[in-house]
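Numbers here are sequence positions counted from 1. Note that the coordinates shown come from a computational prediction; the quantities given were computed from them, not determined experimentally. Counting starts at 1 for both ligands and their atoms, in listed order.
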Amino acid sequence: MDRIVEDPSDPFAEARDEILVGGTWRTGGGELVESRDPATGRVVHRFHGASIENVDEAVRRGLKASQDPSWRDLLAHQRAAILHRIGETIDRHADLISAVQTADTGKTRAETRALAVSAAGTFRYMAAALETMEEAMPPRRGGSLTMTAHEPYGVVGAITPWNSPIASDAQKVAPALAAGNAVVLKPPVWAPLTSLLLGRLCQEAGLPAGLLSVLPGPGSTVGNAIVAHPQVGKVSFTGGTATGRTIGRVAADKIMPLTLELGGKSPTIVFPDADIDQAVSGILYGIFSSSGQSCIAGSRVFIHGSVYTEVLERLVAATERLRVGPGTDPATEVAPLVHHAHRDQVAGMVAEAVAAGAQVLTGGAVPNDPALADGAYYLPTILAGVTNADAICREEIFGPVAVVLPFSDEEDLLAQANDNEFGLACGIWTADYRRAYRIARAVDAGTVWINTYKQFSISTPFSGHKASGLGTEKGRDGISSYMRQKSIFWDLTGEPLPWVRG
Ligand code: NAD
């Protein structure tokens with residue numbers, strides 16, 4: 001079996017057939033899971049995923065670990081110290097995480113290294129937020145002292161997609177642990193290795209056994225078993241909107257809270273007064289970085305009619321200069337897609353759009369470089385000649401494909417930009433600060449960038465509007481979504497209640 005050889009401490013050096021179930025590494029009871037390097041198609045690692053029995057055991061052990069006084073009774077700063085150590089451990093192994101994630105997802109090494117560093121920062125941020133979190137003592141309206149306490153759910157299910165595994169995992173695992181829960185993490189089938197590595201690093205950092213399980217396997221069985229498990233008190237999910245709806249139906253039956261971070265079809269808007277150089281580079285980065293496999297990709301590009309031709313020409317020319325290649329080549333800007341099956345799906349959506357009348361301005365094919373023939377590559381693509389009502393403008397492609405649409409004025413722009421089921425992000429390119437604010441407030445999106453794109457930080461809350469999500473991740477309040485409130489009334493008077501008469 002092929003293996004990653006980049007680091008002597010490579011955790012997959014022996015290609016171990018193990019998953020993390022309630023504190024112990026063992027062969028999973030489920031079907032084989034295979035990770036392939038999308039740059040070459042070669043198998044990186046093949047192992048047994050989790051079974052439904054593994055899920056049950058992980059949840060039961062997680063509940064026990066979360067209730068154990070050695071974890072339950074830790075003071076906030078003591079639990080924060082463990083999170084700090086996890087952050088440091090991730091930092092120390094950032095190169096290894098980057099190598100594993102690039103082999104697993106195809107992403108560039110620059111990106112996977114940045115994701116590892118950001119995951120470390122997430123653990124540190126949540127540690128700091130935990131240490132400085134305050135509980136409330138609301139004003140009294142009677143004879144009792146009133147307090148609001150925040151308590152963990154017990155076991156949290158964390159289900160993540162393949163596009164940025166270590167960062168998505170950290171965004172859920174760090175606040176859920178900070179809140180005092182145990183976590184059962186289900187990584188995606190196409191990219192499970194970084195999450196297994198995170199399990200090892202958390203152990204190395206001293207996280208008590210049982211508090212984190214890592215259970216790769218198909219969503220329809222392993223994922224569903226986590227969501228449906230009666231002792232899982234909350235699920236945080238990042239992935240597609242259709243899957244989010246399915247999970248929502250299961251959660252409704254249990255009356256279980258959910259955080260859903262779902263898909264997008266985000267508008268990025270160029271007004272005539274924009275700095276065109278800045279806008280062109282921002283649009284390119286917004287749609288083609290991560291090969292477009294980003295929930296916040298700026299996939300619908302709206303350009304004011306008066307600058308439409310000029311912006312489009314520059315956009316096409318700049319797109320054709322992008323360097324397509326393997327994620328391990330430092331010169332690469334557009335790496336392969338995560339999997340050949342996904343590349344074929346993206347190619348199919350473009351073919352359908354072309355059959356329906358779309359015009360390919362650039363791309364629309366796999367590269368013809370023989371050196372890239374075995375990889376899951378797709379050229380950065382720009383489509384025009386479509387309307388906002390066409391399927392290619394409504395459905396998430398999750399690949400390096402932008403559609404361009406002209407607009408006449410703000411009213412026309414907002415009508416088109418907001419006429420979409422999603423509401424995740426938006427980019428605005430303009431020199432007019434009043435207009436920038438007006439549009440930012442009027443657009444249906446959880447995040448808006450003005451004269452920039454795809455910037456985010458753990459300290460800024462992130463959420464999707466409409467079909468893009470439910471609830472919020474990140475920010476100081478990120479921990480609260482993994483806690484439930486308890487109100488306590490504590491009588492201070494010693495007076496009997498009115499029904500008791502002497
Ligand atoms: P997906 O919905 O197919 O899978 C996501 C995860 O859910 C995987 O681990 C999968 O195995 C699991 N899953 C599938 N069916 C399930 C079920 N019935 N019950 C429980 N779990 C189940 O998504 P994907 O293809 O892995 O990722 C791409 C999608 O993720 C895109 O739509 C993208 O926009 C979205 N995404 C959103 C954000 C955000 O923050 N809003 C971030 C990244 C990705």
Side-chain angles (χ1 to χ4, degrees), residues 30-31 33 35 49-50 52 55 104-105 107 115 118 157-172 184-192 194-196 214-229 232 235-251 253-254 256 258-266 287 290-299 337-339 341-343 345-346 349 395-399 420-425 445-447 454 456 458 460-474 478:
E31 55 191 73
V33 175
S35 163
I52 290 176
V55 171
D104 215 9
T105 62
K107 282 174 176 288
L115 288 169
S118 126
I159 302 179
T160 52
W162 43 259
N163 62 319
S164 309
I166 189 76
S168 308
D169 291 354
Q171 260 164 244
K172 299 180 189 316
V184 175
L185 172 64
K186 197 209 83 64
V189 175
W190 280 345
T194 327
S195 308
L196 289 169
V214 185
L215 304 180
S220 54
T221 51
V222 179
N224 180 64
I226 294 171
V227 180
H229 198 290
V232 169
V235 163
S236 179
F237 168 79
T238 298
T241 294
T243 316
R245 289 196 170 103
T246 304
I247 289 175
R249 283 189 281 270
V250 179
D253 271 349
K254 286 172 64 181
M256 176 181 69
L258 283 178
T259 299
L260 299 176
E261 299 289 1
L262 308 176
K265 191 76 186 176
S266 299
I287 180 64
S290 314
S291 303
Q293 302 167 117
S294 170
C295 55
I296 49 181
S299 49
L337 277 72
V338 69
H339 199 279
H342 182 56
R343 190 270 312 274
Q345 198 177 332
V346 169
M349 291 177 87
E395 292 163 11
E396 186 180 41
I397 304 173
F398 224 58
N420 194 276
E421 119 174 273
F422 298 112
L424 196 56
T447 299
K454 219 175 167 184
F456 34 82
I458 186 62
T460 307
F462 183 82
S463 60
H465 291 187
K466 303 194 290 191
S468 288
L470 192 67
T472 301
E473 283 195 319
K474 306 187 184 179

How far is [atom] from its nearest protein heavy atom, and which residue and atom is that?
| atom | answer |
| --- | --- |
| atom 7 (O) of ligand 1 | Phe237 CE1, 3.1 Å |
| atom 13 (N) of ligand 1 | Gly219 CA, 3.4 Å |
| atom 32 (O) of ligand 1 | Glu396 OE1, 2.6 Å |

Residue part near ligand 1, for [X], under 4.0 Å between non-hydrogen atoms:
| X | value |
| --- | --- |
| Thr238 | both |
| Val250 | neither |
| Phe462 | side chain |
| Gln293 | neither |
| Thr160 | backbone |

Open item on the list: So, taking the atom named OG in Ser468 and the one named CG in Asn420, what distance separates them when rounded to the nearest 0.5 Å?
Closed with: 8.0 Å

Task: Heavy-atom side-chain contact between Trp162 and Gln293 under 4.5 Å - done: yes

Task: ligand 1 to Thr246 polar contact by distance, N or O atoms, under 3.5 Å - done: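 It does not: no N or O of Thr246 is found under 3.5 Å from an N or O of ligand 1.
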
Task: N/O separation below 3.5 Å, Leu262 to ligand 1 - done: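 Yes; the residue has a nitrogen or oxygen that sits under 3.5 Å from a nitrogen or oxygen of the ligand.
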
TODO: State if Asn163 counts as touching ligand 1 under the rule of any non-hydrogen atom under 4.0 Å.
DONE: yes

Task: NZ/NE/NH1/NH2 to OD/OE distance under 4.0 Å, Glu421 and Lys265 - done: no

Open item on the list: Quick check on atom 4 (O) of ligand 1 - does any protein heavy atom sit closer than 4.0 Å to it?
Closed with: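 So atom 4 (O) of ligand 1 lacks protein heavy-atom neighbours under 4.0 Å.
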
Task: For His339, side chain to side chain contact (heavy atoms under 4.5 Å, CB included) partners two or more places apart - done: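 Expected list: Trp190, Ala341, His342.
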
